[in-house]
Amino acid sequence: MKKDILQALQTVSPIQLEEHMLERPANSKLGDFALPCFPFAKVLRKSPVTIAEEIAGSLTHPSIRKAKAVNGYVNIFLNRGEITDNLLHKILNQSAAYGSSNEGNSGVVTIDLSSPNIAKPFSMGHLRSTVIGNSISLLLEKNGYQPVKINYIGDWGTQFGKLLTAYRKWGIEKDVRQAPIETLLKLYIRFHEEAEVDPSLNDEGRAAFKALEDGDVDALALWEWFKTESLKEFQRIYDLLGVTFDSYNGEAYYNDKMEPVVQELEDKGLLVESEGAMVVELEESIPPCLIKKSDGATLYATRDLAAALDRKRTYDFVKSIYVVGNEQSLHFTQVKQVLGKMGHDWANDIVHVPFGLILQGGKKMSTRKGKIVLLEEVLKDAIELAQKNIKEKNPTLANQSEVAEAVGVGAILFSDLKQHRKHDIEFNLETMLQVEGETGPYVQYANARAHSILRKAQVSKTFAINEVNDYEWETVKLLEQFPQTVKRAADELDPSLIAKYAVDLSQAFNSFYGNVQVLTDHASLPYRSALIESVTIVLTESMRLLGMKAPQEM
Ligand code: ARG
């Protein structure tokens with residue numbers, strides 16, 4: 001709509017207009033759009049008042065009801081009835097497909113997300129990566145891309161030599177079976193404590209990793225087992241979050257695929273020796289990228305280079321996204337630059353999507369040493385709290401545990417996604433679960449409320465609109481903005497735009513429903529039901545794009 005109006009304005013404007021110049025007044029009494037003419041006065045040598053009058057006098061467009069010049073502004077009022085009628089028919093016909101586009105032209109986008117490390121707790125950072133990455137994937141899909149979600153499991157590196165050593169010395173099989181990650185983490189911590197007293201342990205650890213790299217059967221079997229047990233634990237979290245992956249190729253998968261990369265670097269003359277290690281030198285301000293240690297061991301960056309090349313070969317992506325915390329920015333800058341120096345122009349299609357920390361009481365929520373926050377517990381707490389709220393507020397509700405899960409998990413997802421991902425976010429279960437304020441449950445509740453009205457009214461596709469009042473109009477205007485919001489969120493890889501949009505639409509709907517007698521005004525009921533149905537379609541789709549469930553009753 002904004003684009004149409006802008007075009008109409010351009011045909012009568014003596015000056016080149018830009019999209020940002022056309023405002024949406026906060027108070028719709030001042031119109032649906034307003035063009036302030038003050039910036040044009042100097043160039044045109046006319047008063048803003050005159051310019052506004054001239055533009056308003058000649059502006060016409062089928063969607064414009066009237067244009068009024070007021071104190072140097074052109075205030076534009078739209079044809080509410082016609083616009084509403086067209087829009088509601090469109091939403092009801094397209095249903096969940098409303099807002100979709102083919103912009104991506106089926107281009108493949110690989111998304112590296114979640115990527116936890118085996119034998120270590122699934123951290124808050126991994127949660128953010130999973131939640132943000134999943135939503136980005138859904139947004140890209142809605143815009144016509146083909147997302148490929150890759151869980152690049154951290155299952156390789158010298159730490160596994162230490163873990164094997166620790167397990168062989170002190171491990172108990174039954175404990176690992178019962179609580180794999182907790183037990184393995186304890187073993188790993190113990191290894192470090194004992195190695196401080198007896199440094200020869202480190203040599204044993206190194207030897208064990210070497211054996212693993214060389215394919216020693218016993219070492220491999222143990223490592224496989226740690227991996228299987230860890231993945232089982234991660235799977236419980238993915239099930240709760242409703243997230244799936246297209247590939248689990250992690251670091252170990254690239255163990256035997258690094259030599260060609262190192263060779264290519266060598267052939268292209270990029271590999272230089274530095275203090276016994278092999279590195280690629282980068283732009284001045286960026287430290288060199290470490291490819292091989294002095295003992296010949298490969299590194300995190302080496303594996304990421306092999307993985308990037310493999311992804312390009314396998315998927316021929318148009319874009320390759322890595323949803324990983326801020327603290328790894330340097331690493332991705334290095335990987336990208338190395339690929340660029342190798343002559344791969346697609347290095348420009350690699351995008352690191354960084355995010356901030358989750359804080360509690362202003363401090364980083366940590367999984368190190370004693371302060372383990374086991375994510376599963378956090379999720380379970382949220383669900384329990386949601387369950388308690390339901391028992392208080394709606395004790396007769398059917399499928400209580402299903403709804404509690406949708407609300408508890410939705411609350412966590414939403415509180416993560418509603419702020420721009422670059423910000424650190426404060427973790428507070430109580431606030432997340434409130435039904436007032438900008439929360440997941442607030443949006444879910446608005447949607448459930450809309451459904452409960454629809455259960456009482458008959459929805460039909462034939463309706464006539466007499467008048468669109470201010471409350472209805474605010475809601476309609478937001479519904480109209482959904483497609484462009486989806487597009488922007490995908491372009492900017494920013495799910496928070498959808499979360500904010502969902503809050504705005506919920507607020508508009510709540511204020512409409514609070515101020516208009518929907519069920520008792522029979523003449524307007526068909527039209528209003530169509531409006532409410534459209535709200536549920538768009539709210540449900542917004543929540544889906546955030547990875548949330550949208551219960552119809554709560
Ligand atoms: N496993 C890593 C970690 O937990 C994250 C991996 C991110 N992805 C990548 N391709 N490097 O820190």
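Counting convention: from 1, in listed order, for ligands and their atoms alike. Note that the numbering runs from 1 along the sequence shown for the chain.
- Those atoms of ligand 1 that come under 4.0 Å of a heavy atom in Tyr322, given as number and element, are 10 (N).
- Within ligand 1, the atoms closer than 4.0 Å to a non-hydrogen atom of Phe332 are 9 (C), 11 (N), numbered from 1 in the order shown.
- Between Phe245 and Tyr238, the ring-plane angle classifies as perpendicular under the 30° and 60° cut-offs.
- Not a single heavy atom of Arg303 sits less than 4.0 Å from an atom of ligand 1.
- Glu384 has no carboxylate O lying under 4.0 Å from a charged side-chain N of Lys388, or vice versa, which leaves the two without a salt bridge.
- Looking only at protein heavy atoms, the nearest one to atom 12 (O) of ligand 1 is Gln328 NE2, 3.0 Å.
- Taking any N or O of His331, backbone or side chain, none lies under 3.5 Å from an N or O belonging to ligand 1.
- Among the atoms of Asp112, some N or O lies under 3.5 angstrom from an N or O of ligand 1.
- Classified by interplanar angle (parallel below 30°, tilted 30° to 60°, perpendicular above 60°), the ring pair Tyr501/Phe482 is tilted.
- Of the candidates Val131, Asp416, Val353, Arg421 forms a side chain to side chain contact (heavy atoms under 4.5 Å, CB included) with just one, namely Val353.
- Contacts with ligand 1 closer than 4.0 Å are made by side-chain heavy atoms of Asp304 only, the backbone lying farther away.
- In terms of protein heavy-atom proximity, atom 1 (N) of ligand 1 is closest to Asn117 OD1, 2.7 Å.
- Side-chain atoms of Ser100 come within 3.5 Å of backbone N or O of Ala97 as a donor-acceptor pair.
- Remark: Asp216 does not engage Lys210 in a salt bridge, criterion side-chain N to carboxylate O under 4.0 Å.
- Judged by distance alone, the side chain of Thr302 and the main-chain N or O of Leu299 form a donor-acceptor pair under 3.5 Å.
- Within the 3.5 Å criterion, the main-chain N or O of Gly343 finds no donor-acceptor partner in the side chain of Lys268.
- Close contacts of ligand 1 with Val324, meaning ligand atoms under 4.0 Å from a residue heavy atom, involve 7 (C), 8 (N).
- For atom 4 (O) of ligand 1, the nearest protein heavy atom (residue, atom name, distance) is His126 NE2, 2.7 Å.
- Comparing Tyr300, Trp156, Phe122 by heavy-atom distance to atom 6 (C) of ligand 1, the nearest is Tyr300.
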